[in-house]
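Here's the structure, in structure tokens; my notes come after.
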Amino acid sequence: MWDTIIDVIAGTFMILGCMMSLAAGIGMLRFPDLLSRLHAATKPQVLGLLLLLSALALELRSWSVVPVLILAWLLQLLTAPISAHMVGRAGYRTRHLKRETLVTDELAAVVAAAGEREDHENVTKPSTDRTDFID
Amino acid sequence: MSQDQRLNDAKDEQGTPQHATLRQELPLLVGMMLVWGALWQDFAPGNLVFGLLISLLLVRVFRLPPVILSGRFNILRAIGFIGIFLWDVVRASFEVMYLAIFRGPRTTSAVVAVELRTESDLLVTFVGHVLTLVPGSYIVEVDRRTSTLYLHVLNVNSTQDAEKARAAVLKIEERLIRIMGTKEELAALATEKSSVSKEEG
């Protein structure tokens, strides 16, 4: 009786988790540019992996694997934002974005100002390293 | 803490990198010990002590600059925060799924600058992680000097939406300050709240 209930819950979690991965794939295909595709590439697994690991914990029926599964999820939580940030930052800097899909861009003015300041510094003091904008 | 101090806190006057003291590294050591236990699937005292010894060796060999903690942690609010966070993740995951399937190429987004109240690197990092993990936004750029986050927000159709995203980030920061901010940050938050309620009333 209980085994069936747990199996059903675990099965539901697995299907939902797989749906999250499917959504990520669809998002990668359909979103307009790199910056919005990154949302699909990095996010849905946070929930998808949680659901799949929960299903695993339910199916294995052993408390000793729970810390490992929690650890796996926590490591995902730690690394996913950093990869999103690094790729997003590089993509923005190398202009891999479609301006027309952005409603506002409050970073553009800052980057332009920093670029101008750098040009100015290069004329007067060629060897200064620029540390005033964004460490 | 002044801004220059914050920029230089990883180096002392001679420019040599500072090292964290054992007391500052205690949370890290306990965390590494628990990871060791989890990987061995064995939380017996002997195994944990061995893990602690390896952690001590690791933090001696690979030295890190100190992480400055505020000295307070509200566990009840932290539990509530985890609950809200998980709910946000579920809600926003389905939102991104809906956008991917039904809006696709017509999705518009925005890059929004949010200036945080806190000056603590740890809190800025936490805010960044939390708002990136909740689908719909991630950080493109960070200005550490002014604690400004530049984030890319999905599904922004108007400037009102951008303002909403900004308010959501400040709300996350407020919750995190209530969990683990310094007393000064808490006091600043309280005065900000009272002035807002006066303006509204």
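Below, chains carry the letters A, B, ... as their sequence lines are ordered, and counting in each starts from 1.
In this structure, the portion of A/Leu16 lying under 4.5 Å from any heavy atom of chain B is its side chain and not its backbone. Contacts of B/Phe102 with chain A are made by backbone atoms alone, with heavy-atom separations under 4.5 Å and no side-chain atom involved. For chain A, no part of B/Leu131 is nearby; none of its heavy atoms comes within less than 4.5 Å. Neither the backbone nor the side chain of A/Met28 comes within contact range of chain B, judged by heavy atoms closer than 4.5 Å. For B/Arg103, the part lying near chain A is the backbone, with the side chain staying farther off; criterion is any non-hydrogen pair under 4.5 Å. At a 4.5 Å heavy-atom cutoff, the contact between B/Ser158 and chain A is made by backbone atoms alone. Residue B/Tyr98: no heavy atom, backbone or side chain, is found under 4.5 Å from chain A.
Between the side chain of A/Trp73 and the main chain of A/Val46, a donor-acceptor pair closer than 3.5 Å is present. The closest donor-acceptor contact from the side chain of B/Arg175 to the backbone of B/Phe81 lies at 3.5 Å or more, if one exists at all. Under a 3.5 Å cut-off, the side chain of B/Asp161 and the backbone N or O of B/Asn157 do form a donor-acceptor pair.
Of the listed residues (B/Thr108, B/Leu34, B/Leu39), the greatest number of heavy-atom pairs within a distance under 4.5 Å of chain A belongs to B/Thr108. Chain A forms more heavy-atom pairs under 4.5 Å with one residue of B/Val134, B/Val130, B/Leu133 than with any other, namely B/Leu133. No other option in A/Ile70, A/Leu78, A/Leu29 has as many heavy-atom pairs under 4.5 Å with chain B as A/Leu78. Chain A forms more heavy-atom pairs under 4.5 Å with one residue of B/Leu86, B/Val112, B/Thr159 than with any other, namely B/Val112. For chain B, the option among A/Ala24, A/Gly27, A/Ala84, A/Gly25 with the highest count of heavy-atom pairs below 4.5 Å is A/Ala84. Chain B forms the most heavy-atom pairs under 4.5 Å with one residue out of A/Ser64, A/Ala80, A/Ala40, A/Ala108, and that residue is A/Ser64. Of the listed residues (A/Thr104, A/Leu35, A/Val68, A/Ile26), the greatest number of heavy-atom pairs within a distance under 4.5 Å of chain B belongs to A/Leu35. Across B/Asn155, B/Val96, B/Ile101, B/Val35, the residue that shares the most heavy-atom pairs under 4.5 angstrom with chain A is B/Ile101. Of the listed residues (B/Ser137, B/Ala92, B/Ala162), the one with the most heavy-atom contacts under 4.5 Å to chain A is B/Ser137. Contacts with chain B were tallied for A/Leu75, A/Asp33, A/Leu71; A/Leu71 has the most, counting heavy-atom pairs under 4.5 Å.
Side-chain atoms of A/Asp7 and A/Thr4 form no donor-acceptor pair, as typed in the model, at a separation below 3.5 Å. Between the side chains of B/Glu185 and B/Thr118, at least one donor-acceptor pair of N or O atoms lies under 3.5 Å.
Comment: A/Glu106 engages B/Arg166 in a salt bridge, judged by a side-chain N to carboxylate O separation of less than 4.0 angstrom.
Atom-to-atom distance recorded for B/Arg178:CZ and B/Leu76:CG is 14.5 Å, nearest 0.5 angstrom.
Atom CZ of A/Phe13 has 12 or fewer heavy atoms from other residues, nucleotides or ligands within 6.0 Å. Within a 6.0 Å sphere centred on CZ of B/Phe85, heavy atoms belonging to other residues, nucleotides or ligands number more than 12.
Among all heavy-atom pairs drawn from B/Val153 and B/Ser109, the shortest one is O-CB, 2.8 Å.
Here B/Tyr138 and A/His85 keep their ring centres 6.0 angstrom or further from each other.
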